[in-house]
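Naming: A, B, ... by sequence-line order, numbering from 1 per chain.
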Amino acid sequence: MTSALGQGFVLLGLIAASFGAPFGYVAGVRRSASGLRWTRRLAHVFAVAMVGACGVMWYALLSHDFSVSYVAQVGSRATPLHITIFSLWSSLEGSILFWGLILGLYIAATAIFQRRGHEDYLAYTLATLLAIGAFFTFLIASVADPFAPTPAPIPPDGPGPNPLLQNHLLMAIHPPMLYLGYVGMSVPFAMAVAALLRGQLGATWLRPMRRWLLVPTSFLTAGIMLGGWWSYEVLGWGGYWAWDPVENASFLPWLTGIAALHSGVVQQRRGTLKAWTVILIMITFLLTILGTFLTRSGVVNSVHSFTQSPIGPVFLGFLALCTAAVVVLLSLRIDTLVSEPSNERLVSREGAFLLNNLLFVSLMFTVLVGTIYPIIAESLRGVKVSVGEPYFNRMAVPLFGGLLLMMGVGPALPWGGSNPKLVRRALLRPLPAAAVGLAVALLFGARSAPVLLVCAFAGFALWVTADQGLRPARTRRRREGGRGPLAALLVAPDKLGAYVVHFGVVVTFVAVAVSSSFQREAESTLRAGDTLTLGGYEMTFRGAEQVREPHLLRHQARVEVSSNGRNLGALYPSLNIYPNQREPIGTPAVRTTAAHDLYLTLMNVGGDGSIGLRAIRTPLVAWIWIGVVIMVLGTALCLIPTAAERRAAAPSGAVPDLAASSAGGGR
Amino acid sequence: MRRSGSTPRPDRRRSTSSAVLLALFAAFFFAAAAWAWAQPPAAQPDLLPPPAEGEGRQGLGIEASHELGDPLGRPLAGAELDQAVAGVAAEIRCPKCQALSIADSGAQSAQAMREQARSLLAAGYTREQVVGYFEQRYGEFVLLKPRARGLNLIVFGAPASIVLVGGLLVVRRLRRRRQGGDEALEPYLQQVEQETTT
Amino acid sequence: MNRKVLLVGLGIAAPLLLLLGFGFRHDPQIVESPLIGKPAPNFRLADLDGNVVDLADLRGQPVIINFWATYCVPCWVEHPLLMEGARRWHGQIAFLGIVFQDDPDLIEEFNAENGSWGPSLVDDGGRVAIAYGVYGPPETFFIDRDGVIVDKAIGAVSPDQLLDVANRLLAQPAEATG
């Protein structure tokens, strides 16, 4: 019964999407207003169907209806309520259903929010989104059907979700964030397809596109950070990023998405780089599909991958289809997107944006090659190889350094850059800040060249970021005066937001550089009463106890921490032993301060009551997360409509797109 | 820092500053590339002398030295040993885990491998010999950074070439402007733009 | 039609997609051992009762070495097969079990319950497992009369593989040993 209802909703979604897509394309070609109306209705139907299907699945999970195969696979009566709710995305089929839900919501949001001011493109945009939706509903209805009835006899109870995922609440929000990022990239992609089909790229395309690109990029940022944080808090190895193939997969579209955001700035300002922006958006979308394929096909060896399943080949087929469509569409239509004549100097804002894009794309390519090289090597050489952290650190770190440098140099440079005096002053003024950064690093004992460079670049970038970020407010206050500081700050929320994001990036960069270079650790076997010392901390082991919980046996050690005789309380690192799993899963105990983290992991528990304890002291880790939070807040600022946009959004001020695009110079 | 050359004529000065910035970037990337490549040449495991017979049979266990031949370095101890162990451990993939190195992993096999690395390094085997030992046992799979030879060169060369090709494209784009910077050439420029926007 | 875009796009995408497709033919979990065809690393280990086994003493006789543990499910699966093999080729092939990171008490218990097909050698510190490049139990190494590793099984040994390799090992003339 529940199965049939769920399958019914999925089928409804499939029908809505597969009718809506061709309908939308025809409506786009004919510029038919009623066709567009119908496409929008079908988009809403698709969203409702996806909400319905997920609702049914949640109902089945919560009512422990084991006649639904997915519930029999991940559900269990003993699982706490909140974990049951999250188990919708804890396994393969459910995660694809959840994906469908998010896609549905994005499609509906596009249909609602873009109904004005984007009319020229909307039919094509929705049609493309519905085509993607048709693929996913097809997937849910066929090879990844979570609603398939469980073959008789129906089990009275299930195994529950993967223990690793039950360990921490971060696991509840990390995947949805990542999916919101991944799936959201479909919207700018659909808009890019629309622009190519329409053969024009005006202001009514660029503004919504940048907004719809900003949203998923920001979700992706948060998702990646939460993944790192989860890894840090749960996996117990003391790090947050292992360059695991699936981590890399989420990183790839993030890099090109950001590159596209930046090239969009040039397009907005100068009317150049139109085709390039479109290409970047398309690559971003293809990378999200590639990433999903890598995660879900079992083709790479990774902590995160789901087990091998028939979904892999289907996804590869979809990836191939999308790639072919994109390449053909680009080659047919790209010449219709004519940019303004470019008139760029290297040492100018435009030149900096070009270098920025070069760096982002190179970085993406490096990570991509490193991620899929094992597959290449196995196909061509028949040998299994690994590409891991040492490789990525060598290859990617210099590119990151370049990005940080550009983040200082780029915004400092004037547009055009034709006045050498201005250019020179722009580059000389932040130099004292760079010197301060360098001095601070030296003061704290940094001696390695990469860290010193990062700190100097960071000082430079911080100065420029503050200077540029506050500039609109300063100008406005000087001109008009009298306004409160907050109102003045919000004169140009998008500019301010962009520099807030940059600020967050600098914070994260410095934190990553310092934390990875100054990590110290100690490891020892301790009996009750023994003390381990590390970097000013004394950790005394006070005995271990066993805690039996429904699904696991937990060895929990009590470790008293003190620093210079001052008692800092106890930490309880633990080892969880799950039945049928040999390697126990450690849950580290972390003491976070602004200056550094003390991270304790239980390595083993001996029969005689001794423990193997590993202590890691890592400086500035908390600032990595703080930096990302700043980035996300900055993005939120960018989404506040600017004064010009508010005026444009007013019905009387609505500008037909043709006029706008010719004003923008597209010819 | 970055504008060392400034000559009186404005246009010359502009091109000088561009050149300086370009040179800085080139230097940065060359340094980065050099850094990426600067790894000591790895010892080839199969070039090592054949196993010595008849020693180390008294105790239980296994003598890795049978397979490794003579130590090529000097015995390490103390902080130097710790550092060497950490260096080797960071490059070896933990066989039981996913993407983690044996330095990061808490798995028992990883601990055992760290211990093995420690005793070999303490006995005077070089870093390359120890890495080679693990490679010889577990296959190339345990190396977290592939050896730069043969097909593996793709994984080092491809990123470098994309930086190069991308850089050339950027330079070409900028060059186009400089050649046609004259206002009279505007229509021509537009045409070029149309032909080359890809 | 912009041919440049078409060619560059297809030139990058097509090989990538093809290679990804090829990736499906391989199981990412299985890594082939580089040790096949190489001399088996020699070891001297004691079983639970303290009886010492030296691999070098078994030269001239084929040897099957199995790394196992009580916690590993495939090890239980292959256990009856190894029992059967040890019985069938008794005196012809030496069966050695090496315990992979397990508790001696648990091994004792397991053997008492299920019987054992050979000595359960204790590999303290896991050095022998490292020398054989063991990723995780069970792994089985087949060693010929000359002490060369001729084959390796990852996961539970299948009856076909055991029979096939054992016959190959026994077919090798005994006088080939130096």
For [X] and [Y], which heavy atoms make the closest approach, and how far apart are they?
{"X": "B/Gln136", "Y": "C/Leu35", "value": "O-CD2, 3.7 Å"}
{"X": "B/Ala112", "Y": "C/Gly126", "value": "CB-CA, 4.5 Å"}
{"X": "B/Arg137", "Y": "C/Ser33", "value": "O-OG, 4.4 Å"}
{"X": "C/Pro34", "Y": "B/Gly139", "value": "CG-N, 3.3 Å"}
{"X": "B/Glu115", "Y": "C/Arg127", "value": "O-NH2, 3.7 Å"}

Applied to residues 104-114 of chain C, the salt bridge (charged side-chain N to carboxylate O under 4.0 Å, His left out) test, sequence neighbours excluded, yields none
Contacts satisfying salt bridge (charged side-chain N to carboxylate O under 4.0 Å, His left out) that involve residues 82-91 of chain C (not counting sequence neighbours) are C/Glu84-C/Arg88
- request: Return the orientation label for the B/Tyr138 and C/Tyr135 ring planes: parallel under 30°, perpendicular over 60°, tilted otherwise.
  value: perpendicular
Distance col, row B/Ile102:CD1 vs C/Ile130:CD1, nearest 0.5 angstrom, shows 8.0 Å
From the list C/Leu121, C/Asp123, C/Val134, the residue making the most non-hydrogen contacts under 4.5 Å with chain B is C/Val134
For this session: Kindly check if the number of other-residue, nucleotide or ligand heavy atoms within 6.0 Å of CD (B/Gln83) is above 12?
Result: no
